[in-house]
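Reading through the structure tokens given below for one structure.
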There are 2 protein chains.
Amino acid sequence: MPPVPEAAISATADEIREAALEQFARDGYSSTSMRDIASSVGIKAASLYNHFGSKEAILWDLTLTAFEELLRGRDLAIANLPVDPTPQDRLACLVTSHVAFHARNSNQALLVNSQLAALSKTHYRKAVAMRAQYEATMRQVIDEGVAKDVFTTIDARVTTFAILQMGMAVSAWFRPEGPLTVADLCTIYVDLAAKMLTPLPLKC
Amino acid sequence: MPPVPEAAISATADEIREAALEQFARDGYSSTSMRDIASSVGIKAASLYNHFGSKEAILWDLTLTAFEELLRGRDLAIANLPVDPTPQDRLACLVTSHVAFHARNSNQALLVNSQLAALSKTHYRKAVAMRAQYEATMRQVIDEGVAKDVFTTIDARVTTFAILQMGMAVSAWFRPEGPLTVADLCTIYVDLAAKMLTPLPLKC
DNA sequence: CTGCTACACTAACGAGCGTTAGTTAAAGTA
DNA sequence: TACTTTAACTAACGCTCGTTAGTGTAGCAG
């Protein structure tokens, strides 16, 4: 009896991850069967259990990796900020890493944004905590800008949701073979987010 | 043998609609069983077939109703516009009806925004067409504003998606018992959308 | 060469799924 | 009062699901 692997590391395990990620993102967790995943990899369903302890373990593995990459992208962007960054700098940096992630890793993004409910209660709680921590980063930047009087907003919480959500939606429609590059997309969303936090110009 | 009802009209049918809508929105179509729906109504699964021909028929019934209400809200808002409305008037009107629908009918909104894939191919195509028609209304208003030089945008298509999406997300988090009223919410999103389409003020 | 490990397989279990057939009881109509 | 309709029920069908048990085999370590 092979010990139930905590986090499988092998070429086959990676093929399983890849196939499961694509199908979970496209069809949803509960509409994807172990037999579906196995057949994408070219093995039988029972063989999946040589690599992952359960179907939910695959989802959790993928979810953890997705969150790690999301947070890593954010941290990398923050690390590349100029010294003494303005709130505008910080906002542009966060929106760029946010949108770039959702454009480049659409399957991971779809998993994180709409398949968390399929996790076990314990894993779900951890995932929600990670998401809350990620969202808090955006909120802090907005609050900082408001405190320094460079941002204006009716409601900082709602504006945070709005900025995060318009970026998340990118994963649902953006295709790299389309007319826009990821860089184009980031420029557009940074512009939108900046405007959302700037007072409307008075007629003068 | 009762004829398979096209669109059932009875108190029980309405209870089924209500229970199915809530569970489809909360747990997803494929995670909700006919036995789940039946038990919410207080009957057995087989009795559901006295009112609807299949599980998908329930989803399609709910989807059609949701789209009808969404479009009706939009048309009502448009009908109440002042004579010779400006693009800003039109934008505010559309954003208000959009956000109000997603705040007040969150279950219907979640259905329309994330359960279409569970429909049969024929019904799916019709639903996507209705959604496209709805989205086109917003796009037209933005294009009109750009043509009249009262709106500025890097990319009208992406901005349309962004405005629609930040409103759709409302259905996922807004609770009427929270600190904000629906009217508050509409005000906030109208403000955000207007700013998104207005040029950043130059320092002067 | 021997033995162990890794990883595939077949077969099957029990549970749950959407759905159908056939039955029964109550309500409405002639 | 008799007949029809409505809408509930029980029972079961065939299927798919996640998962487990047990088996075979190739490759590597001693």
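So you know, we letter chains A, B, ... as the sequences are listed, proteins then strands, and number each from 1. Here the structure is a predicted model, which is why all the values come from computation and not from measurement.
D:dC17 atom P lies 6 Å from atom CG of A:Asp36, rounded to whole Å. Put simply, CD on B:Glu15 is 13 Å from C1' on D:dA8, counting in whole angstrom units. A straight line from CD1 of B:Ile37 to C1' of C:dC17 spans 12 Å, rounded to a whole angstrom. One can place CE of A:Met34 at 10 Å from P of D:dT20, the figure rounded to the nearest angstrom. Across the protein-nucleic acid pair, B:Tyr49 atom OH and D:dC9 atom C1' stand 16 Å apart, rounded to whole Å. Taking atom NZ on B:Lys55 and atom P on C:dT19, their separation rounds to 8 Å, with Å as the unit. When rounded to the nearest whole Å, the span between CG of A:Leu48 and C1' of C:dT10 equals 15 Å. A:Asn50 has its CG atom 16 Å from the P atom of D:dT23, to the nearest Å.
A salt bridge does not link B:Arg72 to B:Asp75: none of the charged side-chain nitrogens sits closer than 4.0 Å to a carboxylate oxygen. Between B:Arg139 and B:Glu135 no salt bridge is recorded (no basic side-chain N to carboxylate O distance below 4.0 Å). Using a cut-off of 4.0 Å between Lys/Arg side-chain N and Asp/Glu carboxylate O, A:Lys148 and A:Glu144 are scored as salt-bridged.
With D:dC9, C:dC17, C:dA8 as the choices, the nucleotide that has an atom nearest any side-chain atom of B:Ser33 turns out to be C:dC17. Of the candidates C:dT19, D:dA8, C:dA8, D:dA8 carries the atom nearest the B:Ser47 side chain, counting heavy atoms from C-beta on. Side-chain atoms of A:Ser10 lie closest to C:dC7 of the nucleotides C:dC7, D:dC9, C:dG18. Distance from the side chain of A:Ile43 is smallest for C:dC9 among the nucleotides D:dT19, C:dC9, C:dT19.
Along DNA chain C, the nucleotide closest to A:Lys44 and the one closest to A:Arg35 are compared, and the more 5′ of them pairs with A:Lys44. Nucleotides of DNA chain D nearest to B:Ala46 and A:Ala46 differ in position, and the one nearer the 5' end is that of B:Ala46.
Residue A:Ser31 is out of contact with every strand shown, counting any heavy-atom pair closer than 4.0 Å. Note on A:Thr32: only backbone sugar-phosphate atoms sit closer than 4.0 angstrom, heavy atoms only; bases stay farther off.
Scanning for salt bridge (charged side-chain N to carboxylate O under 4.0 Å, His left out) contacts around A:Lys55 gives an empty result, with sequence neighbours left out.
In this model, the phosphate group of D:dA8 is approached by a side-chain N or O of B:His51 to a distance below 4.0 Å at OP1 or OP2. For D:dA8, the OP1/OP2 oxygens have a side-chain nitrogen or oxygen of B:Thr12 closer than 4.0 Å.
The closest side-chain donor-acceptor pair between A:His98 and A:Tyr134 falls under 3.5 angstrom.
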